[in-house]
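Below is one structure, written out as structure tokens, with a few remarks after it.
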Amino acid sequence: SSAASDVYKRQVFQNQAGLAAVSDLSLGLHYENHFFIPENSIKAIAACIPVLKGVIGLNHAQFGYSKYYESRSGLAFGKSFGTHFSAGIQINYLMIHQPADFGNMHAVIPEGGILAQPFEKLFIGFHIFNPVQQHFPQYHEQAIPSTIKAGIGYSIVENVFLILEAGKEIKKKQVIRAGFEYMMTHNLTLCLGASTDEISRYAVGLGYRHKGLSLDFALSHHLSLIHI
């Protein structure tokens, strides 16, 4: 989500402004297996590196398999401006690898976001991806999505955090996403999510924290295809 509480380290993929709150060197790995088909999997790695003036984020994500895959490599930077506001930007190198008859496609795309905390329990975020509606130079008809997201997060009680986000991709309808986090114990968090996008997915997850280690596991539901 564009607004977040204690999940800043995930923001290297979501809202680069959240990087500003990361105080330690961090490394994250991510894997999704859609429908238990390896060719539909998403693999990602990210690192957060605090420096003198802010935090550098490095990330790489890939979807597909050896004959066809889409990848994104990003270099991000997030910085705080006072105690209640932060901003971040990222430069992405996108690539679509295709069979030799079609040729590969490449593009460099910017994105960025801001995150504000006007009150102790309230977070407000804004994020934009591909703001000038760039296309792949090799094939102009192959559009790269341009998206705008705004989110709000609020801790209603000490162990419960609610998130609401509205997102809009150019030429598509607005999507609303909602999330719920409940810290059941000091180490264990329950997460629930729902979305109004075309595949209208629901999700449930568990997060485990112990010292410097964080583990997250989630399952999502597809209304048309029954499950993911």
Side-chain angles (χ1 to χ4, degrees), residues 1-31 42-62 71-95 106-134 144-155 161 163-168 177 179 181 183 189 191 207 209-216:
S1 172
S2 293
S5 58
D6 61 346
V7 290
Y8 285 114
K9 293 182 179 64
R10 306 174 197 172
Q11 298 304 296
V12 70
F13 283 112
Q14 303 293 331
N15 185 344
Q16 293 74 29
L19 288 170
V22 178
S23 58
D24 301 310
L25 178 67
S26 304
L27 177 68
L29 301 173
H30 175 83
Y31 180 76
I42 298 174
K43 301 173 283 289
I45 184 171
C48 302
I49 308 169
V51 294
L52 185 61
K53 298 293 185 178
V55 180
I56 294 173
L58 302 170
N59 61 81
H60 177 78
Q62 182 172 308
S71 68
R72 181 179 76 174
S73 300
L75 172 63
F77 182 76
K79 177 178 173 58
S80 294
F81 298 89
T83 58
H84 300 287
F85 183 83
S86 61
I89 189 171
Q90 177 166 307
I91 301 299
N92 299 290
Y93 173 69
L94 307 183
M95 184 178 77
H106 313 260
V108 177
I109 302 295
E111 64 177 298
I114 58 175
L115 187 63
Q117 187 181 0
F119 306 105
E120 180 182 359
K121 297 182 178 182
L122 178 66
F123 297 81
I124 301 172
F126 175 84
H127 182 266
I128 186 168
F129 178 86
N130 190 18
V132 296
Q133 302 182 46
Q134 292 174 243
I144 299 172
S146 295
T147 59
I148 299 175
K149 298 178 182 179
I152 184 170
Y154 183 69
S155 181
F161 190 72
I163 301 170
L164 182 65
E165 178 187 89
K168 180 71 170 67
R177 300 180 180 91
E181 293 184 3
M183 185 176 291
T189 301
C191 303
R209 309 287 183 267
H210 181 68
K211 297 182 179 179
L213 178 65
S214 300
L215 298 174
D216 294 282

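These values consider heavy atoms only, across backbone and side chains, with no hydrogens, waters or symmetry-generated copies.
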Between Leu19 and Phe77, does a side-chain contact (heavy atoms from CB on, under 4.5 Å) hold up when you go through it step by step? CA-CA 7 Å; Leu19 288 170; Phe77 182 76; over 6 Å; no
Where do Asp216 and Arg209 land on the side-chain contact (heavy atoms from CB on, under 4.5 Å) test, with the steps shown first? CA-CA 9 Å; Asp216 294 282; Arg209 309 287 183 267; 3.3 Å; yes
Find the distance between CD1 (Ile163) and CD (Glu181) and round it off to the nearest 0.5 Å. 5.0 Å
Nearest-0.5 Å distance, CZ of residue Phe129 to OG of residue Ser146: 8.0 Å
A side-chain contact here means heavy atoms from C-beta on lying under 4.5 Å apart; do Val108 and Asn92 qualify? no
Report yes if some heavy atom in the side chain of Ile148 is under 4.5 Å from a heavy atom in the side chain of Phe126; otherwise report no. yes
Please test Tyr154 against Leu164 for side-chain contact (heavy atoms from CB on, under 4.5 Å), starting from the C-alpha separation and ending with a verdict. CA-CA 9 Å; Tyr154 183 69; Leu164 182 65; over 6 Å; no
Could you give the distance from CZ (Phe123) to CD1 (Ile152), rounded to the nearest 0.5 Å? 11.0 Å
Could you walk me through whether Ile49 and Leu25 pass side-chain contact (heavy atoms from CB on, under 4.5 Å), step by step? CA-CA 5 Å; Ile49 308 169; Leu25 178 67; 3.8 Å; yes
CE/Met183 to SG/Cys191 distance, rounded to the nearest 0.5 angstrom? 9.5 Å
Between His127 and the options Gln14, Glu111, Gln90, the side-chain contact (heavy atoms from CB on, under 4.5 Å) test singles out Glu111
CZ (Phe81) with more than 12 external heavy atoms under 6.0 Å: yes
Do the side chains of Pro110 and Gln134 get nearer than 4.5 Å, heavy atoms only? yes
Between the side chain of Lys79 and the main-chain N/O of Lys53, is any donor-acceptor distance below 3.5 Å? yes
The reported gap from NE2 in His84 to CD1 in Ile124 (rounded to nearest 0.5 angstrom) is 12.5 Å
Please report the interatomic distance CG(Leu213) to CG(Leu215), rounded to the nearest 0.5 Å. 4.5 Å
